[in-house]
2 protein chains.
Amino acid sequence: MKISQLSAASGVSQPTIKLYLREGLLPPGAKTHANQATYSEAHVRRLGIIRTLTQVGGLSVASAKTVLDAIDSDLPLNWTFGLAQRAASPDVDGTDLSDADLARADDFLAGLTYHDGPGRFGVAKTLRAMAEAGLEADGAWRDSYRKAAEIIGEADIDLIDRREGRLAKAETVVIGTVLGDALLAALRRAAQEHFSSQRYPSRSTETAP
Amino acid sequence: MKISQLSAASGVSQPTIKLYLREGLLPPGAKTHANQATYSEAHVRRLGIIRTLTQVGGLSVASAKTVLDAIDSDLPLNWTFGLAQRAASPDVDGTDLSDADLARADDFLAGLTYHDGPGRFGVAKTLRAMAEAGLEADGAWRDSYRKAAEIIGEADIDLIDRREGRLAKAETVVIGTVLGDALLAALRRAAQEHFSSQRYPSRSTETAP
DNA sequence: GACTATAGATAGTTACAGTATCCGTTATGA
DNA sequence: TCATAACGGATACTGTAACTATCTATAGTC
């Protein structure tokens, strides 16, 4: 398969494929000559994953590369998990978080063991932003969110457990981490519509432009 | 309050404040002369919301303006909801979705009434991406996600119900829609860490760089 | 043997968010 | 009062990220 066919098969333009080759997201094709190479079905599949991560998951090309490298490597699964989480949650580090911010997060996370990482820091950062924006979340709302997160987190780990082999697990970790966020956000919108239209029946016909 | 004080009080640089004034995200100050104006505490608060939407919520300046306009307007709350959902979920429309894509989404959403909108379309788009990426989600995982989404969606609507007055409701809708996604993603990471470390105790010490 | 396609390099484009500079005017304080 | 600083507003610039276009020499094809 030549680059033109790879482009046609994947729906990605030739210059963009060359970009991904340059950046190392896509492995080079098998060289037949100094300036000729052939590509395989694996390249088509890889391009699909790249587009998924960047278009649906919103990852930058650089983040996508980090995550793809983690799939290919033989790092322990834990690391892959951490890398995927980090790639999918940009600029979440502990700096600029006060003790009070972290205490608020730890309070919210009651019942969950936590570690320094995107989870704890992200919760702290978001709760602080909510407080600053004047949205105080009451106990019932918080309990619902924590309960929902527990259900999801366990389901995610179960799903990975059910996979056979390191590669399958790693791919599930990466795709699941990135697309799970998108799916959850979309499901949340659907659920909001559902309960909103139950209580305010006009919503089903009145829709924003 | 002059622009320098507004800048100091909000932590936003003067040129950026001028940018938001130009783009209409921030209402102009009260003119005292042809080239003098004073700003109020409301401007500080407004700047906080703008930064929250753009920095934490990841909204573009243009999307943030749409959403802020919805808060200020006297549109029905339903519309504000739809606008906020749309702003927080970029390029989610029904085009390029096949009947099969929608059927898969509707199957997933079983039990929830759904309408055309970011929820249904986003679910369809994400599930298609998962299928293309070779991540088939089994029934247990799907049930968990739907259950979690129901809990969250209902909690969101309850929270809005408890607010008094249109403005408070509208602000809750907007902030909640945008920051709720971020909070949920962070909680999900924390929960994943929790269950992951329960099953693979090494995770607590082995962390990706 | 004319013509297209190729790999690889280099340069250009677009979109966006933020920054810097300039202008004439207004405020301030020694 | 008058020099200096700050102002509002307009314009232009910077940086970044993701593509996209063009070029060159070579290889495959009809």
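Letters A, B, ... mirror the listed sequences (proteins, then strands); counts begin at 1.
- When the P atom of D:dC19 is taken as reference, atom CG of A:Leu59 falls 12 Å away, rounded to whole Å.
- B:Leu6 has its CG atom 16 Å from the P atom of D:dA6, to the nearest Å.
- Residue-to-nucleotide proximity on DNA chain C shows that, of A:Arg22 and B:Arg51, the 5′-proximal contact is made by A:Arg22.
- We find that B:Arg104 and B:Asp101 are joined by a salt bridge, their nearest charged nitrogen and carboxylate oxygen being less than 4.0 Å apart.
- Taking only side-chain nitrogens and oxygens, B:Tyr39 never comes nearer than 4.0 Å to OP1 or OP2 of D:dC7.
- Rounding to whole angstrom units, CD of residue B:Glu23 and C1' of C:dG18 are separated by 11 Å.
- Remark: A:Thr16 is not in phosphate contact with D:dA18, judged by side-chain N or O atoms under 4.0 Å from OP1 or OP2.
- Using the six-membered ring where Trp is involved, B:His43 and B:Tyr39 have ring planes that are perpendicular, over 60° apart on the 30 and 60° scheme.
- Looking only at distances, a side-chain donor or acceptor of A:Arg146 sits under 3.5 Å from a matching main-chain atom of A:Phe108.
- Residue contacts shown for A:Ser60 are limited to sugar-phosphate atoms, with no base heavy atom under 4.0 Å away.
- Checking A:Leu19 against A:His33, the closest nucleotide of DNA chain D that is more toward the 5' end is the one next to A:Leu19.
- Relative to the side chain of A:Val61, the nucleotides D:dC7, C:dA20, D:dC19 differ in distance, and D:dC19 lies closest.
- Here the P atom of nucleotide D:dT29 and the CD atom of A:Gln5 are 10 Å apart, to the nearest Å.
- Distance, B:Lys31 NZ to C:dT26 C1': 13 Å, rounded to whole Å.
- The separation between B:Lys18 atom NZ and D:dC13 atom C1' is 15 Å, rounded to whole Å.
- Note on A:Ser13: only backbone sugar-phosphate atoms sit closer than 4.0 angstrom, heavy atoms only; bases stay farther off.
- Between B:Thr54 and C:dA17 there is no side-chain polar atom (N or O) within less than 4.0 angstrom of OP1 or OP2.
- Of the candidates B:Arg45, B:Arg166, B:Arg163, B:Glu171 forms a salt bridge (Lys or Arg N to Asp or Glu O under 4.0 Å) with just one, namely B:Arg45.
- Distance A:Ile17 CD1 to D:dC19 P: 12 Å, rounded to the nearest Å.
- Note on B:Thr32: nothing from the nucleic acid sits closer than 4.0 angstrom, heavy atoms only.
- Looking at A:Thr52, its side chain does come within 3.5 Å of a backbone N or O of A:Gly48 through a donor-acceptor pair.
- OP1 and OP2 of D:dA21 both lie 4.0 Å or more from every side-chain N or O belonging to A:Gln14.
- OP1 and OP2 of D:dA18 both lie 4.0 Å or more from every side-chain N or O belonging to A:Gln55.
- B:Lys2 has its NZ atom 8 Å from the C1' atom of C:dT26, to the nearest Å.
- In terms of position on DNA chain D, the residue among A:Tyr20 and B:Asn35 whose nearest nucleotide sits closer to the 5' end is B:Asn35.
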